[in-house]
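Inspection log for the structure reproduced underneath, given as structure tokens.
In the text below, chain A, chain B and the rest are named by the order of the sequence lines, each starting its count at 1.
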Amino acid sequence: MFSERPLSARLSARVRRLIVPASVKSPVTSLLVLLPLALGACASDAPQDGFRDPEGPIPRAINRVAHPAFLIAYIPVLLFVYGVTMYAMVRYRRKDVDHVPTQVHGNKVVEIVSVIGASALLFGLGVPATMTYFDVTEQKNDCMQIAVVGHQWWWEYRYPAEGTKLETSYPRDILDPTDAEAAKAEGREQRKIFGIPRDDRPVVVNANELHIPEGCNVRLNITSMDVMHNYWVPKLAGKIYAIPGKINLLNVEADRGLASPGKSHFIYGQCAEFCGTSHANMRFKVVVQTKADFQEWLASQAAPAKAAQTDLQKKGEALFAGGAACSTCHYLDSSKQWDVTVDAAKIGPNLAHVGSRQHFAGAIAPLDERNLTAWLRNPQEFKPGSKMVIRQLKNDEIEALVAYVKSLK
Amino acid sequence: MALVLEPPTGISPEGATAKPAGPGLLSRPLETTRGIMSWVTTVDHKRLGIMYGVASILWFVIGGIEALFIRLQLAVPNGSVIGADTYNQMFTMHATTMVFLVVMPLSAAFFNYFLPLQIGARDVAFPRMNAFSWWGYFFGGIFMYSSYFLGGFPDGGWFGYAPNTSTTFSPGHGIDFWIIGLQMLGIASTVSAVNFIVTVFNMRAPGMTLFRMPVFAWMTFVASFLLLFAMPIITVALFLLTFDRSYGANFFNVSQGGEPVLWQHLFWLFGHPEVYILILPAMGIVSEVLPTFARKPLFGYPVVVFSGIAIGFMGWGVWAHHMFAVGLGSVATAAFGVSTMFIAVPTGVKIFNWVGTIWGGALRFTTAMLFSVGFILTFVIGGLSGVTHSLVASDAQQTDTYYIVAHFHYVLFGGALMGLFSGIYYWYPKIFGRLLDEKIGKTHWFLMWIGTHLTFGPMHVVGLQGQPRRMYRYDTGMGFDFWNLVETIGAFIIALSLLVFFFNVIVTHRKKGQVVPIDPWDARTLEWMTDNPPKPHNFDIVPTVHSVDEFWHRKYAEEPDTHRVKRVATAEQVLEHDYVDPKSIHMPSPSYWPLALGFSLFVLAYGALYVAVPVMILGAAMVIGSMFGWAVEPSAEPHDDDHDHGTGGSDALALTTGGSH
Amino acid sequence: MSTAAVHDDAAHDDHALGGHGAHVTATGVSNEKLGMWVFLGSECLLFGALIATYLNYRGKSINGPYPKDVYNIPFTSASSFILLMSSLTMVLALSAVGRGDGRRGRIWLISTALLGSIFIGGQIYEFRDFYQAKGLGLSTNLFGSSFYVLTGFHGVHVTLGILMLFSLAFLSWRGKITKANKETVEIIGLYWHFVDVIWIVIFTVVYLIK
Ligand code: HEA
Ligand code: HEA
Ligand code: CUA
Ligand SMILES: [Cu+2]
């Protein structure tokens with residue numbers, strides 16, 4: 001129940017003292033809190049439930065506000081209103097046609113009590129809620145920063161290749177490549193464009209699966225390259241919008257012990273703001289690893305992908321660069337971030353190590369032969385509206401490409 | 001603007017004849033016009049009220065069927081009833097329809113019909129503008145729905161966040177239909193807001209001070225102010241988007257530094273007051289129905305009125321609670337959280353006063369009463385979940401999930417619509433001179449009540465379990481399956497309940513020879529002090545008002561010592577008066593111009609949509625032409641100075657004729 | 001709507017509006033006048049939102065031309081002064097109509113409309129200058145978008161006002177504006193003054209604030 005972080009701990013104690021009477025034992029508390037959710041499926045069947053089953057200190061701190069809100073405001077006030085209303089409904093039925101009750105026009109005491117009572121209750125809720133909010137959004141002493149860039153309908157992640165920090169920014173002096181010729185012809189300055197988030201330090205790029213080390217606070221620099229998205233891992237943090245032209249910060253922290261050496265823990269995530277056709281298919285996974293595993297993973301991602309081995313893979317490799325024109329849209333170099341001013345055609349996820357991922361295409365499906373085949377046969381059928389527009393591939397081409405994609409570890 | 005172009009028609013001699021040859025193309029239709037033309041040209045607030053009501057119920061069926069498609073698609077995991085794109089169009093149109101074409105106009109139906117009656121007026125301040133508002137609403141809705149045949153419905157969600165609604169990401173015309181349709185509805189709403197505000201200020205019967213107005217009139221007044229100030233803000237937002245989409249401006253173009261968050265600020269600065277525009281009329285209705293069926297005055301009348309005003313004011317300082325996850329900075333976000341929370345105080349005060357009203361009353365549970373009590377009991381659930389959103393930390397988890405969907409359907413469907421249905425049952429005899437069948441009505445209520453909780457209750461659960469909104473599909477194994485199926489079943493129970501309602505209407509109107517008593521409910525306010533349905537001029541003699549609940553006080557008297565209440569007069573006795581020659585009361589004549597102006601806007605809208613300059617010019621010319629026609633239209637009133645009446649259909653009528661002398 | 005402001009009754013009976021106003025409406029202000037005030041309240045929010053948009057984007061353009069590259073403050077000050085003066089002529093028009101001096105009333109109404117037209121002419125000149133000579137289009141940058149939309153909206157309001165003023169002058173010439181229905185002039189005057197005052201705000205915010 002208590003987080004390791006001193007501030008949260010301090011706060012949680014304060015919050016508890018403020019709003020949960022000492023006499024209320026924790027099991028009782030949780031029982032009452034769970035009342036509205038007793039009807040819900042059990043937690044193991046609800047992998048996106050941060051309300052009852054958080055896996056990090058931040059949603060837990062949030063729940064220390066949300067649960068008492070139900071406990072001391074929602075349920076009692078509801079019961080009170082239902083109680084009085086229903087009592088009155090039963091007690092004060094009209095007896096006969098001529099029954100006219102005493103004409104009461106109001107009562108000052110009732111009004112004053114209800115204003116003061118409601119306000120007091122709200123103060124009781126509002127103060128700890130606000131404190132918690134400051135606490136969970138506070139810039140912490142993060143162990144690492146990762147940049148998160150939303151695209152219709154997948155997420156790009158940029159990890160620092162050196163050290164632990166990134167410098168994600170929106171430079172204001174990027175020249176618009178589409179204006180280069182016109183500017184030269186007209187003899188004027190080239191127009192500038194805005195809205196390209198860059199990380200000035202070297203990065204390692206992957207997509208859809210966010211890897212984080214367990215037990216430490218990771219700061220995400222979240223933004224978007226097209227429309228608004230909303231980054232949400234219910235079990236690790238609240239939501240934050242990914243907004244083009246703006247960088248939002250989000251703290252995520254996974255409990256120690258979720259992963260064990262050699263074994264990663266997968267947590268569900270989902271884009272929560274409507275972002276177009278396949279908004280429902282813009283999911284992702286957070287992969288929690290031990291610190292050592294994480295370091296190893298990062299190093300493997302930074303290294304070039306293994307060369308194609310089998311003939312089939314080699315055929316796929318050739319198609320990728322040639323006949324199927326996959327490389328028009330996809331980088332195979334994990335140090336390349338998405339940047340249309342560098343290469344306007346590269347609009348797809350970085351596939352350098354795609355074969356090492358468990359899920360793909362907005363993490364809506366496990367990355368296996370069957371799904372990849374379906375994907376390459378018709379991306380738009382697999383994922384409505386997908387921006388991956390390719391020519392109709394032949395079966396043998398697909399087979400080769402699937403083999404190649406899977407080999408990109 | 002035509003408002004101020006009024007010419008001195010009285011001076012032109014034609015004005016004095018019964019059938020004037022107006023300078024425009026169209027001469028003014030006669031008061032004796034019958035049949036469909038009499039509806040098309042009407043400027044009578046009661047007929048317009050009925051027209052609002054009928055149109056909004058029709059749209060309710062359409063918006064409801066859209067909701068049923070949503071629910072069918074979500075009944076099982078990975079549903080395949082409709083595809084992703086259709087789904088996105090469905091929830092966009094569902095919400096836009098329900099908010100702008102159903103709840104607002106259904107409230108307007110009651111404003112129209114009952115505001116003048118409740119304050120003892122013969123009509124609204126500007127009858128022709130009132131008719132124009134209806135046409136603007138009607139054509140705006142038709143315009144928006146015509147998108148179906150012209151490239152597909154809009155699909156950007158009901159708050160159309162930029163830049164998803166920019167041409168880059170929504171290249172089709174759907175969004176343009178949404179924008180321009182909303183502009184038309186906005187014009188209509190602004191005009192009617194001006195109209196109702198002036199009506200309340202100026203048209204009250206003798207003795208009807210502001211603090212003797214029924215609470216429904218008060219809530220109309222407050223909601224009209226909210227409309228007046230909220231509409232221009234969305235107008236600007238929509239214009240900015242139009243300039244971006246059609247003329248290449250950069251307001252939401254990030255590559256030139258545009259800020260999509262600006263759209264959110266403008267939209268919600270409108271949007272939040274909007275939700276109170278949706279609820280205040282229903283709260284007004286409930287405040288009429290509860291006292292009537294409790295036979296007790298509204299508990300704390302001034303407090304209820306003031307808290308309505310307070311809600312109106314506070315509603316302007318909370319818009320960013322829709323943007324808690326946008327990253328506005330912790331301080332701003334926290335401040336908006338706190339301001340939001342305290343809206344619960346005036347709302348709570350209202351709830352307690354309603355409970356206070358039925359406490360110690362003599363309750364009669366008619367269908368109308370059941371809907372009103374139902375309103376309290378469902379609205380409070382939605383209100384309380386609203387308070388849990390306002391705790392910013394927890395909203396970070398709740399926002400954009402079904403928990404929010406649960407919140408706003410409880411307040412909108414369980415709140416606003418329940419209240420409006422209460423109004424329908426309560427005032428049906430007043431409007432149509434027939435009582436809806438009570439047995440069938442109670443069945444309607446019961447099914448609707450069950451359906452509401454089955455549909456929207458489980459949304460709390462799946463929302464907290466992490467089901468995000470606006471998803472055309474969800475996977476199995478997320479804990480969503482069971483409750484989504486229940487929600488779908490609930491939605492069909494609601495649909496069934498509405499079929500029962502329509503059945504009730506049909507049965508009621510097929511019953512022959514039903515005579516509704518003057519005062520079927522033992523009501524309290526002025527609208528019942530006239531026939532069912534009222535004559536075109538509402539009151540033969542405009543009553544002079546001495547207190548809140550004037551009608552009641554004319555029927556009952558309190559013994560000073562014992563506080564026992566005795567009946568002193570029957571409704572018939574109260575209504576008795578000398579014969580008044582209806583010809584001596586002049587009501588505004590019908591007019592073609594509201595229709596002409598509304599239709600001109602319709603043409604202009606298509607021009608603007610396709611950026612077709614000739615059509616735009618034609619539309620603009622028609623608009624200006626109709627305004628001039630409107631302005632120079634003669635009033636078809638004969639006048640002579642013996643009658644101290646206003647002409648051309650407006651204000652002076654109510655106050656200068658009848659009662660007071 | 002309809003006719004109450006320039007009430008036919010008023011033509012026959014001076015009491016109708018001026019004298020016994022209280023008999024006509026509950027507040028004593030005519031529906032039309034009150035309606036205009038209420039409507040102008042709504043307009044405040046319209047311009048408020050536009051001005052807020054402009055302010056929000058001030059200094060955020062990525063590309064030029066920037067305000068300092070295009071403004072001709074002396075020119076705009078002059079045309080602003082002209083618009084301001086039109087409020088004065090409007091007052092004179094109303095007082096002439098109130099005295100029953102139709103001819104003077106017309107002269108002042110037309111002067112007001114002409115001053116307004118000069119302002120609009122200036123705005124058209126300015127837009128052309130910015131667009132053609134200085135390369136500032138609606139889509140050039142944020143400044144272009146927010147500048148043209150804000151000042152354009154105001155320009156449309158002035159243009160509508162001019163139309164109404166000319167209509168009034170025309171009606172007066174036909175003998176339909178008299179002392180008794182001077183309120184029509186007053187109401188249009190309200191609108192006109194509002195549009196002027198808003199311009200002062202826009203002028204300050206857009207041109208003067210550094
Ligand atoms: C009829 C319309 C209506 C009404 C009346 C309300 C009323 C309230 N709403 Fe709601 N709201 C909507 C319609 C409405 N809302 C809609 C449509 C949306 C979603 C828009 C979208 O995203 O599509 C929304 C979304 C919404 C959000 C944003 C959620 C999100 O997207 O993250 C928030 C956040 O604070 C909120 C808060 C509130 C509050 C505090 C009230 C309060 O006014 C409620 C007050 C009432 C009570 C609290 C109950 C009675 C009180 C008592 C019995 C007193 C005692 C109680 C206490 C002391 C707690 N609403
Ligand atoms: C006043 C407003 C209002 C009302 C009344 C309703 C009513 C209903 N709403 Fe709606 N809803 C919104 C406002 C409203 N809604 C808003 C603002 C959104 C947000 C959209 C967005 O995200 O942009 C939303 C979104 C929304 C969603 C979420 C979609 C998503 O996020 O993916 C769902 C899902 O279940 C839903 C369901 C329903 C249902 C089942 C009803 C039912 O109560 C409907 C009941 C009505 C009927 C069932 C029709 C009755 C008539 C008949 C059945 C007659 C039959 C006729 C013949 C046979 C001829 N609504
Ligand atoms: Cu991205 Cu929804
Ligand atoms: Cu709100």
Side-chain angles (χ1 to χ4, degrees), chain A residues 37 39-41 45-46 48-51 62 65-66 69 74 77-78 81 84-85 88 92-94 99-103 105-106 110-111 114-115 118-119 122 125-126 129-130 132-134 137 193-195 227-228 230 234 238-241 243-245 248 270 272-274 276-277 279-280 384, chain B residues 83-85 157 161 163-164 169 254-257 260 295-297 299-300 303 325-327 330 334 338 341-342 344-345 348-349 351-352 355-356 358-364 376-377 380 384 387-388 391-394 396-397 399-400 461 464-466 468 470-473 478-479 558 563 565:
Chain A
L37 285 184
L39 304 165
D45 298 341
Q48 236 162 249
D49 186 345
F51 186 72
I62 291 174
V65 172
Y74 200 122
V77 174
L78 195 67
V81 173
V84 241
T85 310
Y92 298 109
R93 309 185 74 94
R94 192 174 299 180
H99 175 192
V100 181
T102 324
Q103 303 288 293
H105 289 266
V110 170
E111 310 291 3
S114 47
V115 169
S119 308
L122 290 169
L125 288 175
T130 311
T132 306
Y133 178 69
F134 284 123
T137 53
I193 63 167
F194 185 72
V227 303
M228 287 194 192
N230 191 345
K239 300 182 192 67
I240 193 88
Y241 275 56
I243 298 172
N248 276 331
Q270 167 79 60
E273 175 54 42
F274 179 65
T277 307
H279 158 63
Chain B
D85 281 320
Y161 276 176
N164 188 37
F169 303 106
V254 178
S255 71
Q256 283 302 320
R295 278 210 174 133
K296 219 170 134 270
F299 192 87
V303 182
V326 166
S330 327
V338 173
M341 238 174 254
F342 282 92
V345 175
V349 165
I351 300 258
F352 294 135
V355 178
I358 57 175
W359 192 270
L363 307 184
R364 181 179 159 207
I376 301 180
L377 294 181
V380 71
L384 288 169
V387 172
T388 63
L391 309 173
V392 280
S394 39
Q397 290 285 19
T399 185
D400 281 334
V461 177
L464 290 175
Q465 277 180 357
R470 300 168 155 190
M471 298 275 160
Y472 78 92
R473 72 185 186 96
M478 309 290 284
E558 204 169 330
H563 293 294
V565 180

Where does [X] contact chain A at under 4.5 Å (heavy atoms): side chain, backbone, both or neither?
X	value
B:V392	both
B:F342	both
B:V326	both
B:Y472	both
B:E558	side chain
B:T399	both
B:I351	side chain

Could you check which of [options] has the highest count of heavy-atom pairs closer than 4.5 Å to chain A?
options	value
B:A393, B:A84, B:A396, B:A362	B:A362
B:N164, B:D85, B:L391	B:N164
B:G356, B:A344, B:P163, B:P297	B:P297
B:V338, B:I376, B:V303	B:V303
B:G157, B:A334, B:G348, B:G83	B:A334
B:P468, B:S394, B:S330	B:S330

Just verifying a value: how many Å separate A:Y74 OH and B:L384 CG, rounded to the nearest 0.5 Å? 6.0 Å

Spacing of B:R364 atom CZ and A:R93 atom CZ [to the nearest 0.5 Å]: 12.0 Å

State, with a plain yes or no, whether a side-chain heavy atom of [X] is found less than 4.5 Å away from one of [Y].
X	Y	value
A:Y241	B:D400	yes
B:V387	A:L122	yes
A:V84	B:W359	yes
A:E111	B:V349	yes
B:M471	A:H279	yes

For [X], is it the side chain, the backbone, both, or neither that has a heavy atom closer than 4.5 Å to a heavy atom of chain B?
X	answer
A:I240	both
A:F134	side chain
A:V110	side chain
A:Q103	both
A:T277	both

Looking only at non-hydrogen atoms, find the nearest pair between [X] and [Y] and report the distance.
X	Y	value
B:R295	A:H99	NH1-O, 2.9 Å
A:K239	B:A325	O-CB, 3.7 Å
A:N248	B:G327	OD1-CA, 3.7 Å
B:L464	A:D49	O-OD1, 3.3 Å

Pairs of heavy atoms under 4.5 Å with chain B: top-ranked of A:G50, A:G195, A:P101, A:G238: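 Going by pairs under 4.5 Å, I would pick A:P101.
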
Check whether B:R473 reaches the backbone of A:A280 with its side chain - one donor and one acceptor, N or O, closer than 3.5 Å.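 No, because the side chain of B:R473 does not come within donor-acceptor range (under 3.5 Å) of the backbone of A:A280.
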
